[in-house]
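Take a look at the structure set out below.
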Amino acid sequence: MSFIHKKSVVFDYVQIIFGSALVALAFNIFLLPSRIAAGGISGVSTILYELFGYNPAIVQWLINIPLIVLGLLLAGKEFSAKTIVGTFCVPLVIYLTAGLDVPIDNPLLSSIYGGIVLGIGLGIVYRGNGSTGGTALIAQLLKKYTGISSGFSQLIVDGVVVVTSAFVFNFELALYALMSIYVTSKVIDFVQLQTSPTKLVLIITDNEERVQSIIKNEIDRGLTKVKSTGGFSNDEKTMIFCVVEQSEAVYLKKVLQAAEPSSFVIFLNASEILGLGFSKAKIHQ
């Protein structure tokens, strides 16, 4: 195993531990006190705590044992090892912070901010290629074998727990739980995609040299040119695409409107950019 690979594996475990701690804190600070069963094993433990007073940390450990075995059989050794770490850390932090008292009486605030913190935690765990066990493991397996996103798979498997909570608590709290699950699913995808304010600009033009000069000289960005054919006119045109920062996109729009009003320009949100000039420093020859 190379040094770079070892460093990557260590960082994965750091992400899993940190993300698991956030998951546990979201449960203890926001969800459990407000009786919001926002899906997953945490939701199951919330319901059992309400009905029988069972310790949520112990409940989560006990339910996760057979699911860990399932992970060993289906997900591979490396994934299962990381899952065991996440599965152990979440109930441990829940147990250690059980006496943490943060007075939040509004279930709406609890569902929204609990969902945000939970989504950030799970997103970080998933970026470390791990899981916190429970239905999060089921969601990861669903993602692996169906190809749907982590956030949407989490939304599917948590639905059953919410329906149960409607009978144990009340319909209103179940609606808050659904809101929390939705927020969590969106935040998970946001964390995993690392959405950035950069823009992908597509420009279809007859004057490629002028547009190229504007991009290079006015905003100092690279570009790529692709020959294209108009679907209606069958005329050959050039499509130029480049990636710019938010402020550069605003400036480029004004310049193109003034200098090339006949060009067809599209601005798209770019979720993540890798390469020189964005994730790495520019190198000027």
Side-chain angles (χ1 to χ4, degrees), residues 6-33 36-49 54-102 113-144 150-151 153-154 157-158 161 180-181 183-185 187-188 190-192:
K6 286 182 180 179
K7 187 177 179 180
S8 175
V9 171
V10 170
F11 184 62
D12 281 350
Y13 280 100
V14 170
Q15 290 185 95
I16 292 169
I17 294 171
F18 179 69
S20 298
L22 289 179
V23 170
L25 289 174
F27 177 80
N28 263 352
I29 294 175
F30 298 105
L31 303 180
L32 182 62
I36 296 175
I41 298 302
S42 65
V44 174
S45 65
T46 301
I47 293 172
L48 293 178
Y49 178 77
Y54 294 156
N55 188 308
I58 295 175
V59 169
Q60 292 186 35
W61 267 320
L62 291 177
I63 294 178
N64 274 316
I65 291 174
L67 292 175
I68 290 175
V69 175
L70 179 65
L72 287 169
L73 295 175
L74 299 178
K77 293 182 179 179
E78 183 178 359
F79 182 88
S80 298
K82 293 177 179 178
T83 298
I84 291 172
V85 172
T87 303
F88 176 80
C89 285
V90 172
L92 177 63
V93 177
I94 289 175
Y95 180 80
L96 294 176
T97 60
L100 190 62
D101 185 19
V102 180
Y113 287 97
I116 291 173
V117 177
L118 182 62
I120 292 172
L122 288 175
I124 292 173
V125 171
Y126 293 162
R127 284 182 62 84
N129 299 310
S131 169
T132 57
T135 56
L137 171 59
I138 298 175
Q140 286 293 81
L141 292 174
L142 188 61
K143 173 191 174 184
K144 179 178 180 180
S150 298
S153 60
Q154 192 74 43
V157 298
D158 287 342
V161 179
S180 183
I181 290 172
V183 172
T184 297
S185 69
V187 174
I188 287 173
F190 180 87
V191 172
Q192 288 196 295

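Quantities reported herein were computed from a predicted structural model and do not represent experimental measurements.
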Over all heavy atoms of both residues, which pair between [X] and [Y] is shortest? Give the atoms and the distance, please.
X	Y	value
Q60	P91	CB-CG, 4.1 Å
F27	S45	CZ-OG, 3.6 Å
V85	I17	CG1-CG1, 3.9 Å
I94	A24	CG1-CB, 3.6 Å
I16	V125	O-CG2, 3.7 Å
G114	L31	CA-CD2, 4.2 Å

Nearest 0.5 angstrom please: [X] [atom1] to [Y] [atom2], how far?
X	Y	atom1	atom2	result
I41	T46	CD1	OG1	11.0 Å
L22	I116	CG	CD1	12.5 Å
Y49	I58	OH	CD1	12.5 Å
L118	F30	CG	CZ	11.0 Å
T132	F88	OG1	CZ	14.5 Å
T87	I63	OG1	CD1	12.0 Å

After noting the C-alpha distance and the side-chain angles of V23 and V93, does the key distance pass the side chain to side chain contact (heavy atoms under 4.5 Å, CB included) rule?
CA-CA 9 Å; V23 170; V93 177; over 6 Å; no
Has the side chain of N28 got a donor or acceptor atom that lies under 3.5 Å from a matching backbone atom of T97?
yes
Apply side chain to side chain contact (heavy atoms under 4.5 Å, CB included) to residues N55 and Y95 and explain how you reach the verdict.
CA-CA 8 Å; N55 188 308; Y95 180 80; 4.3 Å; yes
